[in-house]
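Please read the structure below before turning to the comments.
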Amino acid sequence: MGELGIGLIGTGFMGRAHALAFRNVSAAFQLPFTLRLAALADADPLRAQACASAWGFARAHAQWQHLIDDPQVDLIAITTPNHLHYPMAMAALAAGKPVYCEKPLAVSLEQASALHAAAQAAGVVTRVGYNYQHNPIIERARELIQSGRLGQIISFQGEFSEDFMADPASPWSWRCEAAHAGGALADLGSHLLGMARYLLGDIEAVCADLQTVHRQRPATSGSQEQRAIMVDDVTHALLRFSSGARGTFSSSWLKHGYKNHLSFEISGTQGTLSFDQERLNELRLCQMGQPGFQRLLAGPDLPGYAAFSPAPGHQLGYNELKTLEVHELIMALAGQGQLGTDFAQALEVERLATAIRLAAREQRWVNLSEVQGQFAAG
Ligand code: NAD
């Protein structure tokens with residue numbers, strides 16, 4: 001069995017989640033490689049050093065380019081703000097190394113197209129952190145849809161809301177810069193767009209409305225200096241799927257009470273299926289003729305669940321989804337798996353987000369074919 005040297009860039013919320021996943025995946029699964037936590041990099045060299053020793057990485061780099069060039073590093077995991085994904089992933093691909101990049105892939109369709117083209121040219125495995133799709137209960141949802149238990153799918157109602165920016169005094173961060181991130185649509189909505197595609201296939205047209213509610217925020221917590229905010233706080237859209245199904249989409253980081261409300265209701269001619277990430281171990285299903293919804297609870301009959309617990313109802317959490325995502329990545333590196341969002345699929349999420357922005361700007365329906373040629377890869 002070969003070794004795989006992991007190089008992790010970034011030590012924030014997602015840096016820690018990746019480190020936990022890389023540490024846990026060998027305990028949960030039999031892997032085709034022995035994982036070695038080779039190196040970690042962060043813009044803050046003291047933090048890089050402290051996290052490397054706390055999380056078990058062999059060495060720390062103060063410059064991310066040094067981590068990419070490090071011969072001990074075989075796989076590059078990128079957990080930095082969105083605008084840094086492009087230069088970091090491009091450099092990793094130029095070095096011929098596989099890339100596991102946080103979502104969204106990039107801050108523009110042009111960047112995402114170029115990354116996809118570079119990944120194809122490099123011929124390496126790529127994955128993007130759309131971890132919610134790795135929930136075993138989402139696999140159950142797909143099976144229910146594909147088996148026809150809901151009949152012909154008529155509608156998708158999806159929402160991803162949180163409230164971490166609901167207070168107007170919540171300060172500016174990199175998430176508030178269009179050039180660095182792209183607002184609630186990029187931050188939260190990209191997950192929901194990926195999920196909609198994963199469950200119901202291609203979306204061919206969108207119509208949308210974007211709203212910036214708080215046009216200024218303090219530069220830092222408690223500061224009197226105000227910064228202008230140009231990105232969306234809230235986005236609403238209508239979706240037309242290629243299958244003929246219709247849908248609604250919304251993303252907001254202002255919706256009081258919600259902490260991780262990635263949710264959907266999918267209804268067909270024979271039934272309705274509903275999911276909420278805040279109750280990530282269950283689905284609600286109502287089929288024609290039943291008096292109401294039944295609750296389907298995740299258990300060890302789902303292989304991804306069984307990897308962590310033999311007991312039903314004991315529940316998986318967010319970090320287990322990340323571990324399942326890393327497992328699929330490792331299997332793909334061994335040529336044994338296709339699951340997970342690669343750069344080609346992440347590019348389609350970017351195309352959708354771009355179409356939604358264009359539809360909102362021009363206040364009209366936009367067909368996805370309109371954002372094809374102009375931004376073609378290569
Ligand atoms: P964060 O601000 O908590 O962490 C960012 C990290 O990047 C920090 O450690 C920072 O020091 C480091 N960094 C910044 N510039 C750097 C540079 N030039 N070189 C090296 N390191 C640098 O952000 P976060 O919440 O962890 O988000 C990071 C990424 O993860 C974003 O793309 C975000 O969209 C994504 N994210 C994904 C999920 C998910 O569920 N998949 C959840 C949250 C965030």
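Note that ligands are numbered from 1 as they come in the structure, with each ligand's atoms numbered from 1 the same way.
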Check your understanding: Which bit of R175 gets closer than 4.0 Å to ligand 1, counting heavy atoms only: side chain, backbone, both or neither?
Key -> side chain
**Study point:** Those atoms of ligand 1 less than 4.0 Å from some heavy atom in Y318
**Key:** 38 (C), 39 (C), 40 (O), 41 (N), 42 (C)
Check your understanding: Quick one: does R47 get a heavy atom under 4.0 Å from ligand 1?
Key -> no
Check your understanding: salt bridge (charged side-chain N to carboxylate O under 4.0 Å, His left out) between R240 and D202: does it pass, once the steps are laid out?
Key -> CA-CA 9 Å; R240 276 194 207 137; D202 287 342; over 6 Å; no
Practice item. Report, in ascending order of atom number, the atoms of ligand 1 lying under 4.0 Å from any heavy atom of W64. Key: 19 (N)
Exercise for review: Run the numbers for me: atoms of ligand 1, each under 4.0 Å from some heavy atom of H85, listed by number.
Suggested key: 32 (O)
Review point. Between the side chains of E139 and Y198, is a donor N or O closer than 3.5 angstrom to an acceptor N or O?
Key: yes
Point to revise | Element-labelled atoms of ligand 1 that are located less than 4.0 Å from some non-hydrogen atom of H191 | key: 39 (C), 40 (O), 41 (N)
Check your understanding: Quick one: does S309's side chain have a donor or acceptor within less than 3.5 Å of a partner on A306's backbone?
Key -> no
Practice item. Could you list which atoms of ligand 1 come closer than 4.0 Å to a heavy atom of G129? Key: 41 (N)
Review point. Counting both backbone and side chain atoms, is some N or O of D42 under 3.5 Å from an N or O of ligand 1?
Key: yes
Revision key, fill the gap. For K322, the ligand 1 atoms with a heavy-atom partner under 4.0 Å come out as 41 (N)
Check your understanding: Considering only heavy atoms, which of Y132, W174, F13 lies nearest to atom 27 (O) of ligand 1?
Key -> W174
Check your understanding: Any side-chain heavy atom of I266 within less than 4.5 Å of one from T272?
Key -> no
Practice item. Could you tell me if any non-hydrogen atom of M88 lies under 4.0 Å from any atom of ligand 1? Key: yes
Check your understanding: Can you tell if the side chain of L210 reaches within under 4.5 Å of the side chain of I356, non-hydrogen atoms only?
Key -> yes
Review point. Which of the numbered atoms in ligand 1 are below 4.0 angstrom from a heavy atom of P81?
Key: 5 (C), 7 (O), 14 (C)
Exercise for review: Check each of K97, R36, R59 against D70 using the salt bridge (Lys or Arg N to Asp or Glu O under 4.0 Å) test, and report the only one that passes.
Suggested key: R59
Review point. Does ligand 1 have an atom under 4.0 Å from some heavy atom of D44?
Key: no
Check your understanding: Which protein heavy atom lies closest to atom 4 (O) of ligand 1, and at what distance to 0.1 Å?
Key -> G12 CA, 3.4 Å
Review point. More than 12 foreign heavy atoms under 6.0 Å from CZ of R279: is that the case here?
Key: no
Review point. Looking at atom 28 (C) of ligand 1, what's its closest protein heavy atom, distance included?
Key: T79 O, 3.3 Å
Exercise for review: Find out whether L46 and Q49 are in side-chain contact, i.e. whether some heavy atom of one side chain is under 4.5 Å from a heavy atom of the other.
Suggested key: no
Point to revise | Residues H18 and E102: side-chain donor-acceptor under 3.5 angstrom | key: yes
Review point. Can you tell me if T126 and D342 form a side-chain donor-acceptor pair at under 3.5 Å?
Key: no
Check your understanding: Among protein heavy atoms, which sits nearest to atom 26 (O) of ligand 1, and what does the distance come to when rounded to 0.1 Å?
Key -> M14 N, 2.8 Å
Check your understanding: Which residue holds the protein heavy atom closest to atom 32 (O) of ligand 1, what is that atom called, and what is the gap in Å?
Key -> N82 OD1, 2.6 Å
Point to revise | R16 heavy atom under 4.0 Å from ligand 1 | key: no
Review point. What residue and heavy atom of the protein are closest to atom 33 (C) of ligand 1, and at what distance?
Key: K103 O, 3.6 Å
Review point. More than 12 foreign heavy atoms under 6.0 Å from CZ of R23: is that the case here?
Key: no
**Study point:** Exam field: side chain Q133 to backbone I138, donor-acceptor pair closer than 3.5 Å
**Key:** no
Point to revise | Short side-chain donor-acceptor distance under 3.5 Å, Q315 and N281 | key: yes
Check your understanding: How far is atom 37 (C) of ligand 1 from its nearest protein heavy atom, and which residue and atom is that?
Key -> E102 OE1, 3.1 Å
**Study point:** For N131, atoms of ligand 1 separated by under 4.0 Å from a heavy atom
**Key:** 39 (C), 40 (O), 41 (N)
Exercise for review: Among all protein heavy atoms, pick the one closest to atom 20 (C) of ligand 1 and tell me residue, atom and distance.
Suggested key: A43 N, 3.2 Å
Exercise for review: Tell me which protein heavy atom sits closest to atom 15 (N) of ligand 1, plus the residue, atom name and distance to 0.1 Å.
Suggested key: L84 CD1, 3.3 Å
Point to revise | Y130 near ligand 1 by a heavy-atom separation under 4.0 Å | key: no
Check your understanding: Where do S190 and Y130 land on the side chain to side chain contact (heavy atoms under 4.5 Å, CB included) test, with the steps shown first?
Key -> CA-CA 9 Å; S190 58; Y130 287 108; 3.5 Å; yes
